[in-house]
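Computed from a predicted model, the values in this text were never measured in an experiment. Starting from 1, each residue takes its place in the sequence as its number.
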Amino acid sequence: MNAMDPRPLYARAAEQIASLIGTVRPEQLDGATPCTDFDVRVLLSHMVGGTRRIAVIGAGGDGLAVRPFAEGVPDDGWSAAYDEAGARARAGWADDARLDALVRVPWGEAPGRIALAGYVMEAVTHSWDLSEALGRPLELDPELAEFALAIAGRVLPDEGREDPELPFGSVVPAPEGADAYERLAAWMGRRPLVTV
C-alpha cells in the first residue's frame, strides 16, 4: 500500500486557488488563459466544476455524473462557489478509508489517493493558468508545482497527446532557468502569457 496522503497538498492547492480567485476583477473574466479553449470565466467554471466532481468522488458517489463545469454562477459569485465546492471536497475526503477505495475518474479506475493526486496535478496546473491570465497577482507555492510535475511525469507521457480528447498539448520547451510552475506548464503543453 502506498502511504502517500495527497489531502494536505490538495488542501494547499485549494487555498491557493481560492486566493487567486479572490483577485479576479470583473474586467478580467473575458480575458485569455493558457488553456486555449478557455477564457477566465470558463476556467473558473471548470475549476469549480472539477472541485465539485472530486468532492462527489471522495464522498463515494459517481463523480463522472458531475459535469466538470459550473453553470449559473454570477460573475461576482466565483469565490463563494469555489469555497462551497472546496468545503464539500474536504468533507468528502475526510474518511481515511477513501484513500484506498477504488474510485472512477475520467482517466479510469484508481485508488482514491491516486485519483486525488491527479486532481492535485489538475488544480495546480489550473492555478498557474489562472495566475498567468491575471498577470501573476500572487506568488505561487513551488512545492505544489514540484509535486504536480512529478505526478504529471508519471501519468502523462509526452507520447500520444495528439488525441483531440486529451486536454493537454505536446510538451513545449521550458525557458532556461524555469521555475517549477514553468516546467509544469511546459510539460502540460502550455505557454506563458506573461513575459518578464
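Closest approach of A180 to P142, counting heavy atoms only: CB-O, 4.0 Å. Shortest non-hydrogen contact noted between A152 and L184 is CB-CD1, 4.3 Å. Listed here is the closest heavy atom pair of I57 and G63: CG1-CA, 3.5 Å. Here the closest non-hydrogen pair linking R190 and W128 is CB-CZ3, 3.8 Å. What you find for P111 and L102 is that their closest heavy atoms are N-CD2, 3.7 Å. The two residues S131 and L138 make their nearest non-hydrogen contact at OG-O, 4.4 Å.
A 4.5 Å side-chain heavy-atom check between S127 and L20 finds at least one atom pair inside the cut-off. Proximity of D37 to V42: side-chain heavy atoms (C-beta onward) are nowhere separated by under 4.5 Å. You'll find the side chain of D5 reaches within 4.5 Å of the side chain of P8, heavy atoms only. With contacts defined as side-chain heavy-atom distances shorter than 4.5 Å, the pair T125/Y181 does not qualify. Within the 4.5 Å cutoff, side-chain heavy atoms of L44 are placed close to those of L29. Proximity of R25 to L134: side-chain heavy atoms (C-beta onward) are nowhere separated by under 4.5 Å. Looking at Y10 and T51, their side chains come closer than 4.5 Å, going by heavy atoms from C-beta outward. The side-chain heavy atoms of V56 and R88, taken from C-beta on, include a pair separated by under 4.5 Å.
Rounded to the nearest 0.5 angstrom, R67 CZ and S45 OG are separated by 6.5 Å. Considering CD of Q28 and CG of L130, their distance stands at 8.5 Å, rounded to 0.5 Å. Rounded to the nearest 0.5 Å, atoms CD (E122) and CE (M47) are 9.0 Å apart. To the nearest 0.5 Å, atom CG of residue D141 and atom CD of residue Q16 are 5.5 Å apart. In this structure, CD1 on I21 lies 8.5 Å from CG on L43, to the nearest 0.5 angstrom. The CG atom of D129 sits 3.5 Å away from the SG atom of C35 when rounded to the nearest 0.5 Å.
Residue pairs that meet the salt bridge (Lys or Arg N to Asp or Glu O under 4.0 Å) test with at least one member in residues 172-181, sequence neighbours left out, do not exist here. Sorted by first and then second residue, the salt bridge (Lys or Arg N to Asp or Glu O under 4.0 Å) pairs with a member in residues 72-81 read R41-D75; sequence neighbours excluded. The ring-ring contact (aromatic ring centres under 6.0 Å, His included) contacts involving residues 42-97 comprise F38-H46, F38-F69, H46-F69, H46-H126, where partners must be two or more places apart or lie in separate chains.
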Check step by step if side-chain contact (heavy atoms from CB on, under 4.5 Å) holds for I151 and F147.
CA-CA 6 Å; I151 296 296; F147 178 83; 3.7 Å; yes
Can you check salt bridge (Lys or Arg N to Asp or Glu O under 4.0 Å) on E143 and R12, steps first, answer last?
CA-CA 10 Å; E143 186 180 348; R12 283 170 48 193; 3.2 Å; yes
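Taking the ring centroids of Y119 and W107, they lie under the 6.0 Å cut-off.
Heavy atoms from other residues, nucleotides or ligands lying under 6.0 Å from CD of E109 number more than 12.
For the pair R183 and E146, the salt-bridge criterion is met [side-chain N within less than 4.0 Å of a carboxylate O].
Listed by chain and number, the hydrophobic cluster partners of L64 come to none, as no ILVMFWY side chain reaches under 4.5 Å of it.
With sequence neighbours left out, the salt bridge (Lys or Arg N to Asp or Glu O under 4.0 Å) criterion links R104 to D62. For D96, the side-chain contact (heavy atoms from CB on, under 4.5 Å) partners are R7, not counting sequence neighbours.
Linking Ile, Leu, Val, Met, Phe, Trp and Tyr residues whenever their side-chain heavy atoms come within less than 4.5 Å leaves W187 and V172 in two separate clusters.
Without hydrogens or angle criteria, R53 side chain to V66 main chain gives a donor-acceptor distance under 3.5 Å.
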